[in-house]
Q: 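Sharing a structure below in structure tokens format, with a few things to ask.
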Amino acid sequence: MLRRAVIYAGRRTTRTAAVTVRTYSTDYLGQSFAVFYLTSGLFRNSVIPVIMHADLAGLRQHLTASKQDHLLQFWDTLNEEQRHELGQALKNLDLEHVQRMYHQTNDRSAQNAVQEAIDKLMQPVPENSYGGVNRNTPEELAQFEQTGLEAISRDEVAVILLAGGQGTRLGVKYPKGMYDVGLPSHKTLYQIQAERIVRLQDLSEHACGRRGTIKWYIMTSEHTRHTTQDFFAAHNYFGLRADSVVLFEQEMLPCFDFEGRIILESPGKIAAAPGGNGGLYRALLEGNVLDDLLARNIKYVHVFGVDNILVKVADPVFVGYCINRDVECGNKVVEKSSPDEPVGVVCLVNNVWQVVEYSEITPETARKTFPNGHLMFNAGNIANHFFTVDFLKRVCTELEPNLKYHIAKKKISYVDSQGNLVAPTKPNGIKMEKFVFDVFQFARRFAVWEVIRKDEFAPLKNADTAAEDTPTTARRSIYDLHRRYIEKAGGSFVDAKDHLVNGERVEIVCEISPRVSYAGEGLKDLVEGKHFESPVVLNSVHELQPFSTTKI
């Protein structure tokens, strides 16, 4: 109650023309307050306490004992509002806990020991736990897909999107899901994923006679939640029902410098960052999402990161495979492109399922092969997971505190001793993160599903100044996949092998709206026997924008 009242008091709460306020003083838990009693207006008959000053001496003493007294170095220069916000942030900070996590995570000798132990204990994925697009028969794939669609038609499948980060590395200040990679449609990552959900709901009706609803839970952070909420509302939720899209926040953790001091991003504000995608489990519990999943009798969830433009949202084949295998946890992987590709691998460590980060694997282990020459540790993790809701309940309510933090060295803006903002050019600090896949160790029944990289994995991480994982590579991945969809359905492209304009080779532009086809289905009647010339855009009659060269 106090926290909520303070939040109200920190904003403009007088939204009516006339508000009558009566004030008086009181004490609460040893703190001095000025209490505003509103006798008219939006919060009529409400008592709103505002912290006017904290026990500064006690706070300073506590910070000094923890070697964090620099956090108050600009106190005298702050106005009352800034002092209040900083004081509240410091009081709400479990300093002993985050410092303990910092020192445990930053223990170099322990990290080296763990790496040595992992190298000795790593075991490849057993064949009986390994399925995949090229590992199972077409009949089995069709069976898995039908199982997945049936679960969707019964409203048993939900999606959890990990979208807490901003597009900083892309050179933008808004959430990455709002990024437009430059497709002809100019659809953002959010819109592409939303329309895949719409199409999949349609497919569930076609296959099962009942149109299921896929609930979409989007994990944001304090930096992205409101912007994301406004974006979806402004675009009418991209064809989804508003009540089927739920946003929730993950926790924020303070950032440290290399000496273990918490960083100030401004004279009156602690530098904080989302605690990694492994913050999902606490966020599910504290944001009441777990309760909502249970109340709606949802049984299965598909969890993935926002930045993969090729992601098959709620993939019915993957979901059906995991259901048929009766596993509580599944992981989608791609074959590593080379032994030294910087991607984590799924494997067993001392008979326990785990994703081992590439930085934790020695080159000798990374290059180990089977007698047939294939890499032994080849299951590249792509942040694409299946969980049963029962498993999530056990993790969130019992096991989450056992997850360990990991170190991420980052460039973190800070204020110097003069209060000037500094943007570092190289890593200067540490963010502590938990990883979503660290719960694999708790799974009693686990399976791996391998997919083809060019069909399902094209991450968007960097600006076009980088060599890979850029808007250009993401856009070309869509063009290539959709061109192959058309060719598989019997269509062809003019000069497909050597498309020239004024003597210069250019990419074939081909975009199929998710409202037309989720994964290449339903195209035969539209394209078979036809010849296409770039650019090609296949659009549904439901599309709102008149950019299409071809409407279906």
Side-chain angles (χ1 to χ4, degrees), residues 133-134 138 141-142 145 179-203 206-207 238-239 308-313 315-317 451-460 464 468-552:
V133 174
N134 287 333
L141 296 179
E145 182 178 40
Y179 196 85
D180 167 12
V181 301
L183 295 172
S185 66
H186 293 288
K187 291 178 181 178
T188 62
L189 297 179
Y190 280 145
Q191 183 171 356
I192 292 170
Q193 293 175 19
E195 292 184 353
R196 286 175 184 156
I197 292 176
V198 173
R199 174 62 179 173
L200 196 51
Q201 292 174 158
D202 293 340
L203 290 176
H206 296 157
F238 303 107
N308 179 12
I309 198 169
L310 297 183
V311 65
K312 290 184 176 179
V313 182
D315 179 6
V317 178
V451 297
I452 300 170
R453 182 188 296 252
K454 65 179 181 179
D455 290 350
E456 295 198 36
F457 186 55
L460 175 63
D464 268 326
E468 57 187 14
D469 300 341
T470 67
T472 294
T473 60
R475 183 175 64 249
R476 288 175 175 171
S477 295
I478 286 283
Y479 293 164
D480 174 69
L481 178 64
H482 291 184
R483 175 184 58 79
R484 287 186 286 114
Y485 281 166
I486 288 178
E487 291 176 340
K488 186 176 180 179
S492 62
F493 287 83
V494 177
D495 299 325
K497 294 182 179 179
D498 190 23
H499 190 65
L500 301 177
V501 174
N502 296 328
E504 294 185 4
R505 184 181 178 86
V506 297
E507 63 187 3
I508 293 178
V509 175
C510 181
E511 182 185 3
I512 302 172
S513 168
R515 300 292 296 269
V516 173
S517 181
Y518 174 84
E521 81 293 333
L523 295 177
K524 186 175 181 180
D525 290 343
L526 305 175
V527 305
E528 187 175 30
K530 296 181 180 179
H531 299 280
F532 297 91
E533 185 171 0
S534 177
V536 175
V537 178
L538 299 185
N539 240 4
S540 164
V541 293
H542 302 291
E543 303 288 338
L544 300 177
Q545 297 170 311
F547 55 78
S548 307
T549 57
T550 305
K551 279 188 181 269
I552 305 303

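A quick note: this is a predicted structure, and the numbers were derived from the prediction, not measured. By convention here, the first residue in the shown sequence is residue 1.
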Q: Rounded at 0.5 Å granularity, tell me how far CZ in R199 sits from CD in E195.
A: 12.0 Å
Q: Taking the side chain as every heavy atom from C-beta outward, state whether V133 and V317 have any pair of such atoms under 4.5 Å apart.
A: no
Q: Could you give the distance from CD1 (I192) to CD1 (I478), rounded to the nearest 0.5 Å?
A: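 So the CD1 of I192 and the CD1 of I478 are separated by 5.5 Å.
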Q: With heavy-atom distances below 4.5 Å as the criterion, would you say the side chains of K187 and P514 are in contact?
A: yes
Q: Quick one: pull up CG in L460 and OG1 in T472 and give me the separation to the nearest 0.5 Å.
A: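 The CG atom of L460 sits 10.0 Å away from the OG1 atom of T472.
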Q: Examine distances only and state if a side-chain atom of R475 and a backbone atom of V181 form a donor-acceptor pair shorter than 3.5 Å.
A: yes
Q: Just verifying a value: how many Å separate D315 CG and R196 CZ, rounded to the nearest 0.5 Å?
A: 11.0 Å
Q: Main chain of V509, side chain of S534: is a donor-acceptor contact present, judged purely on distance under 3.5 Å?
A: yes
Q: Locate the shortest heavy-atom distance separating S477 from A458; write the atom from each residue and the value.
A: OG-CB, 3.4 Å
Q: Ignoring hydrogens and geometry, is there a side-chain-to-backbone donor-acceptor pair from E511 to L183 under 3.5 Å?
A: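 Answer holds: no.
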Q: For the atom pair CD (E533) and OG (S492), what is the distance rounded to the nearest 0.5 Å?
A: 11.5 Å
Q: I'd like to check F493 versus I486 (side-chain heavy atoms, cut-off strictly below 4.5 Å). Are they in contact?
A: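 F493 reaches I486 side chain to side chain.
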Q: Does V451 reach the side chain of F457, with side-chain heavy atoms less than 4.5 Å apart?
A: no
Q: Which heavy-atom pair separates Y518 from Y485 by the least distance, and what is that distance?
A: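 Taking Y518 first and Y485 second, the nearest heavy atoms are O-OH, 4.4 Å.
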Q: Taking the side chain as C-beta and beyond, is there a heavy-atom pair between P184 and Y479 under 4.5 Å?
A: yes
Q: Taking the side chain as C-beta and beyond, is there a heavy-atom pair between L538 and S513 under 4.5 Å?
A: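 Side chain of L538 against side chain of S513, heavy atoms only: no contact under 4.5 Å found.
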Q: Check whether any side-chain heavy atom of L481 lies under 4.5 Å from a side-chain heavy atom of K454, and answer yes or no.
A: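 Not touching, per the 4.5 Å side-chain cut-off.
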Q: Any heavy-atom pair between the side chains of P316 and L200 that's under 4.5 Å?
A: yes
Q: Determine the minimum heavy-atom distance between V536 and F532, stating which atoms define it.
A: CG2-CB, 3.6 Å
Q: Between CD of Q193 and CG of N308, what distance do you get to the nearest 0.5 Å?
A: 8.0 Å
Q: Looking at I452, is its backbone amide N or carbonyl O close enough to the side chain of N134 to form a donor-acceptor pair, meaning the two atoms are under 3.5 Å apart?
A: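 No, because the side chain of N134 does not come within donor-acceptor range (under 3.5 Å) of the backbone of I452.
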Q: Using a strict 4.0 Å threshold on nitrogen-to-oxygen distance, state whether D455 and K312 make a salt bridge.
A: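 Between K312 and D455 there is no salt bridge, as every charged N stays at least 4.0 Å from the carboxylate O atoms.
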